[in-house]
Amino acid sequence: MKIKLLYSLLIISNFCLGQTVIKGIILGEQNIPLENATIIISKINDESIIGYTISNIKGAYSLSLKKTNVDSLNLKVSFIGFNSKEKNLQHFSNL
């Protein structure tokens with residue numbers, strides 16, 4: 001089975017705190033929310049993990065990232081019984 005991701009990635013920068021919040025919803029087949037899906041944000045060049053979280057009962061997640069000096073990041077979603085899904089997130093040089 002495939003994970004169908006609703007990439008409503010709302011990237012909200014809070015320059016006072018120097019953090020960025022990445023939010024989204026993880027949906028399975030037939031648009032059913034996936035609870036407890038693992039979401040990992042990592043650097044593309046060395047794959048070091050910057051942050052991670054799990055989705056709630058509605059498939060929603062929110063991840064706060066501290067300031068970093070990278071231009072792009074990798075978002076990986078995995079869930080038991082589904083193939084993992086990855087997406088590159090661009091323009092993070094202001095993090």
Side-chain angles (χ1 to χ4, degrees):
M1 289 195 244
K2 290 184 178 180
I3 294 177
K4 181 179 176 183
L5 299 177
L6 175 61
Y7 282 112
S8 61
L9 295 174
L10 304 174
I11 301 169
I12 304 163
S13 295
N14 186 337
F15 295 105
C16 296
L17 298 175
Q19 292 186 341
T20 295
V21 177
I22 298 175
K23 296 181 179 182
I25 299 172
I26 310 301
L27 302 173
E29 294 176 1
Q30 301 171 357
N31 292 329
I32 297 172
L34 296 179
E35 181 181 6
N36 295 324
T38 303
I39 297 93
I40 299 172
I41 302 288
S42 61
K43 293 180 182 179
I44 290 177
N45 56 351
D46 64 2
E47 296 184 12
S48 59
I49 295 174
I50 295 175
Y52 62 93
T53 191
I54 60 171
S55 59
N56 65 18
I57 195 166
K58 296 179 182 178
Y61 67 91
S62 177
L63 184 59
S64 297
L65 302 177
K66 293 182 180 180
K67 190 172 187 169
T68 184
N69 293 326
V70 296
D71 189 41
S72 58
L73 298 171
N74 185 53
L75 175 104
K76 181 178 181 179
V77 177
S78 58
F79 189 77
I80 296 173
F82 290 78
N83 294 326
S84 295
K85 183 77 173 177
E86 294 189 38
K87 182 170 179 79
N88 289 336
L89 307 175
Q90 303 294 321
H91 308 295
F92 277 89
S93 57
N94 293 329
L95 288 181

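One-based numbering along the sequence shown.
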Worksheet entry | Donor-acceptor contact below 3.5 Å, side chain S55 vs main chain L34 | yes
Worksheet item: Can you check whether S84 reaches K76 side chain to side chain, under 4.5 Å on heavy atoms?
Response: yes
Fill in: Side-chain heavy-atom pair S72, N88 within 4.5 angstrom cut-off
no
Worksheet item: Hey, what do you get for NZ (K43) to CD1 (I49), rounding to the nearest 0.5 Å?
Response: 12.0 Å
Practice prompt. Write down the atom of V77, the atom of A37, and the distance for their closest heavy-atom approach.
Written response: CG1-CB, 4.3 Å
Discussion item. Holding to side-chain hydrogen bond (donor to acceptor under 3.5 Å, both in side chains), I want the full list of residues that pass it with D46, two or more places apart in sequence or in another chain.
Written reply: S48
Worksheet entry | Separation between OH of Y52 and CG of L75, rounded to the nearest 0.5 Å | 15.5 Å
Worksheet item: How far apart are the closest heavy atoms of Y61 and T53, and which atoms are they?
Response: CB-CG2, 4.0 Å
Discussion item. Any non-hydrogen side-chain atom of I50 less than 4.5 Å from a side-chain atom of L73?
Written reply: yes
Discussion item. A side-chain contact here means heavy atoms from C-beta on lying under 4.5 Å apart; do I80 and N36 qualify?
Written reply: no
Item to complete: Kindly work out whether a path of hydrophobic side-chain contacts (I/L/V/M/F/W/Y, heavy atoms less than 4.5 Å apart) joins F79 to I40.
Response: no
Worksheet entry | Stepwise side chain to side chain contact (heavy atoms under 4.5 Å, CB included) check, V21 with S62 | CA-CA 7 Å; V21 177; S62 177; 3.4 Å; yes
Worksheet entry | Polar contact flag, side-chain donor to acceptor under 3.5 angstrom, E47-N74 | no
Worksheet item: Rounded to the nearest 0.5 Å, what separation is found between the NZ atom of K85 and the CD1 atom of I26?
Response: 11.0 Å
Worksheet item: Roughly how far, to the nearest 0.5 Å, is the CD atom of E86 from the CD1 atom of I44?
Response: 9.5 Å
Worksheet, complete the sentence: Taken to the nearest 0.5 Å, the spacing of I39 CD1 from L63 CG works out to 8.0 Å
